[in-house]
Structure formats: C-alpha cells, structure tokens
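Accompanying notes for the structure given below.
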Amino acid sequence: MKTLKDVPVGGTCKVVKLHGEGPVKRRIMDMGITKGVEIYVRKVAPLGDPMELNLRGYELSVRKGDAEMIEVE
C-alpha cells in the first residue's frame, strides 16, 4: 500500500482511499482530500514534517501522521 507520505517532492498522485476514523478522517475530508483528488507534493520540511501540497487549486500543509492515512496510486 502506497501512502501520501511515500510520494517524492515534485510527484503527483491520486487519492484511492482514506484510512482512519471519526474526527481525524472528517478533518482530512474537510481539507478537500477525498477519493479521486489529484495531489502534487510541493515541498517537504527538512525532518519530513509537515508536507506542503497543492490540490484543488490551493496549498495545504499536512503532518506526516495524517499523510500516512491517505492511500494513493
């Protein structure tokens, strides 16, 4: 299983499935990360946390822990 955390800087991926439950999953969905969305990984902080993403025409930063819950292809 490939997660958003595994996508290299400059890489693009498509969301396949969201893992996690309740408020955490809801928060990820509220940020616009839903099934079928294309995500471009713009930058990753020196220690890998957070990741800066481009999706749906805006920029978003997510923590490594949240990125591990997002399955991509």
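As a basis for the values below, the full set of heavy atoms in this structure was taken, side chains included, without hydrogen atoms, waters or symmetry mates. These numbers come from a predicted model, not from an experiment. Just so you know, residue 1 is the first one in the sequence shown, and it goes up from there.
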Where V62 and A67 come nearest, the two heavy atoms and their spacing
CG2-CB, 4.4 Å
Kindly check if the number of other-residue, nucleotide or ligand heavy atoms within 6.0 Å of NZ (K17) is above 12?
no
For the atom pair CG (L53) and OH (Y40), what is the distance rounded to the nearest 0.5 Å?
11.0 Å
If you look at every heavy atom in V72 and V16, which pair is closest and at what distance?
C-CG2, 3.7 Å
Rounding to 0.5 Å, atoms CD1 (I39) and OG1 (T12) come to a distance of 10.0 Å
Please report the shortest heavy-atom distance between R42 and V9, naming the atom on each side.
O-CG1, 3.4 Å
Where K5 and M51 come nearest, the two heavy atoms and their spacing:
CA-SD, 4.2 Å
Is the closest side-chain heavy-atom distance between T34 and V15 below 4.5 Å?
no
Where the side chain of D49 meets the backbone of K64, is there a donor-acceptor pair that is under 3.5 Å apart?
yes
What's the spacing between I28 CD1 and D66 CG if we round to 0.5 Å?
5.0 Å
Atom pair NZ/CE of K25 and M69 - distance to nearest 0.5 Å
11.0 Å
Enter the distance from M1:CE to E71:CD here, rounded to the nearest 0.5 Å.
5.5 Å
CG (L55) and NZ (K14) are apart, to the nearest 0.5 Å, by 14.0 Å
Near R63 CZ, under 6.0 Å, is it more than 12 heavy atoms from other residues, nucleotides or ligands?
no
E59 versus N54, closest heavy-atom pair with distance
CG-OD1, 3.4 Å
Least distance between heavy atoms, L4 atom then C13 atom
CD1-SG, 3.7 Å
